[in-house]
Amino acid sequence: MQRWRISEEDKISRLPNEILSHILSFLTTKKAVRTSLLSKRWTDLWQSCDTIDFTDIQVYCNRTNRKCNKLVESVLATTDSRNINTFLLEILYGHPHFAYKVSFRNVVKWVNMIVLQNELKNLCLHLDVDEYDDEDNNEDEHFLPKLPTSIFTSQTLVSLDLRRFCVKGFNFSSVGFGFPSLKTLHLDDVEFPRGRDFLLLLYGCPILEDLKLFQVCLRCWFNVSVVLQEFENLRLPKLTRTDIIESLWDILPLEALSTSKSLCLDTLQHHLAFKAQAQTQDMYGARGNGDDDEESCEELEFVPQCLLSHLRSCTIQNLGRLERDLILPTYILKNARVLQTMKIKIWYRSEQPEIERKFSLCSKASASCQLLFYANF
């Protein structure tokens, strides 16, 4: 048994530092630092990792807040930030006060240090806050913190993932702005001051491939038609995957999504989303609830080529039995010639028999299409 242990230890020790550092990069930074206790050989190995990963931080009191700050700043001070290409920071705050009044200034400092000192490729910033009623809470603590604008000066980012921020204080039309290398953009609970700023951000991502928007909102909605006209030629030619959920995306020209092979649009905001010219292999919809109950069928005469000859699977979520809710799925069934499967998630189980009856009467362009029904409640 002792010989086996020695053999295994020798086998690991023969690995070059580059491989050991690469292995450590798959651990959170907190765990990677702990490996320095294994032996002298491992003491400084974690410092050569190209990834800083703080995705396991929780702040519930002053003590944990101080401990978190000390750990992150110690790592940043010890690591050569010029070699870092990935920075992941996810913090769960147990109380809004620590997020908004105490800790966020440190987050800004850390981000500026990482972004400005090296050629960062991947950046993930997630702030999760337990929002609960408390007599000691002040209402002005419940707001989205300002995103460090140094992020928008980076020319090397390949992926950007942001949660719970407000974007303000940066002129997107300024000379030099743009993400020439950005392929992945995920925004969750992010607020922009104006629709034009949001579109300028997309305009600055010429090779974007993966776009995910969840609860992205615009503070100002004035002159929407003017903005849409200004950006009607916006295109994202490399885009292959688009997910837009619970976001007011009427400001987004749908032609910009025309190359998406997988397209998810929340039709709670615009129940004619399928008019996007997407060369789609998978298309997902959500419950349509347009304000106009007398939706004119003449608007549905347009049939994009992608729907005719490419759409193979489709999911309609949270469907109701109102006639307007049936417009989108029946339109797809009528025109999608190669459709193989349509999954229909019904809002209430009690409505399922009636909805199934209505769909049984619908004409289908694809004789082999299967309809699969399931319900929420």
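Every value quoted in this text rests on a predicted model; they were computed, and no experiment measured them. In what follows, residues are counted from 1 in the order of the sequence shown.
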Less than 4.5 Å apart, any side-chain heavy atom of [X] and any of [Y]?
{"X": "V72", "Y": "V107", "answer": "no"}
{"X": "W110", "Y": "F54", "answer": "no"}
{"X": "F152", "Y": "L147", "answer": "yes"}
{"X": "F172", "Y": "R196", "answer": "no"}
{"X": "L202", "Y": "L185", "answer": "yes"}
{"X": "F104", "Y": "V108", "answer": "yes"}

Starting at [atom1] of [X], measure out to [atom2] of [Y] and round the result to the nearest 0.5 Å.
{"X": "I57", "Y": "E90", "atom1": "CD1", "atom2": "CD", "result": "9.5 Å"}
{"X": "E191", "Y": "C217", "atom1": "CD", "atom2": "SG", "result": "4.5 Å"}
{"X": "K358", "Y": "L326", "atom1": "NZ", "atom2": "CG", "result": "5.5 Å"}
{"X": "L160", "Y": "C205", "atom1": "CG", "atom2": "SG", "result": "8.5 Å"}
{"X": "S262", "Y": "D243", "atom1": "OG", "atom2": "CG", "result": "6.0 Å"}
{"X": "I84", "Y": "T51", "atom1": "CD1", "atom2": "OG1", "result": "7.0 Å"}

[X] side chain to [Y] main-chain N or O, any donor-acceptor pair under 3.5 Å?
{"X": "T259", "Y": "L239", "answer": "yes"}
{"X": "T184", "Y": "S159", "answer": "no"}
{"X": "T64", "Y": "C61", "answer": "yes"}
{"X": "S154", "Y": "I151", "answer": "no"}
{"X": "T242", "Y": "L263", "answer": "no"}

Are there more than 12 heavy atoms of other residues, nucleotides or ligands under 6.0 Å from atom [atom1] of [X]?
{"X": "K67", "atom1": "NZ", "answer": "no"}
{"X": "Q155", "atom1": "CD", "answer": "yes"}
{"X": "K364", "atom1": "NZ", "answer": "yes"}
{"X": "K168", "atom1": "NZ", "answer": "no"}

Any idea which heavy atoms bring [X] and [Y] closest together, and the distance?
{"X": "G178", "Y": "P180", "answer": "O-CD, 3.2 Å"}
{"X": "N171", "Y": "S173", "answer": "OD1-OG, 2.7 Å"}
{"X": "A336", "Y": "S366", "answer": "O-CB, 3.5 Å"}

Which residues share a side chain to side chain donor-acceptor pair (under 3.5 Å) with [X], sequence neighbours left out:
{"X": "K238", "answer": "none"}
{"X": "Q215", "answer": "E246"}
{"X": "T55", "answer": "D53"}
{"X": "S350", "answer": "none"}

Applying salt bridge (Lys or Arg N to Asp or Glu O under 4.0 Å), name anything that partners E73, two or more places apart in sequence or on another chain.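 Listed in chain order: K109.
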Listed partners of D161 passing salt bridge (Lys or Arg N to Asp or Glu O under 4.0 Å), at least two apart: none
With sequence neighbours excluded, residues passing ring pair (Phe, Tyr, Trp, His ring centres under 6.0 Å) with [X]:
{"X": "Y60", "value": "none"}
{"X": "F179", "value": "F177"}
{"X": "F214", "value": "none"}
{"X": "F198", "value": "F192"}

R164/D128 ion pair, N-O < 4.0 Å: no
Of L125, L187, D188, which meets side chain to side chain contact (heavy atoms under 4.5 Å, CB included) against R163?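 Output: one option passes, namely D188.
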Does L372 sit in a hydrophobic cluster with other residues, and if so which ones, taking ILVMFWY side chains as linked at heavy-atom separations under 4.5 Å, directly or through other members?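 Under the 4.5 Å side-chain rule, L372 groups with nothing.
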Working for side-chain contact (heavy atoms from CB on, under 4.5 Å), residues T86 and D50: CA-CA 7 Å; T86 300; D50 60 4; 5.8 Å; no
Before you tell me yes or no, could you show the steps for I52 and L76 under side-chain contact (heavy atoms from CB on, under 4.5 Å), namely the whole-Å CA-CA distance, both residues' side-chain angles and the distance that decides it to 0.1 Å? CA-CA 9 Å; I52 294 181; L76 293 181; 3.7 Å; yes
Does anything in residues 203-214 pair up under side-chain hydrogen bond (donor to acceptor under 3.5 Å, both in side chains), and if so which pairs, sequence neighbours excluded? H186-D210
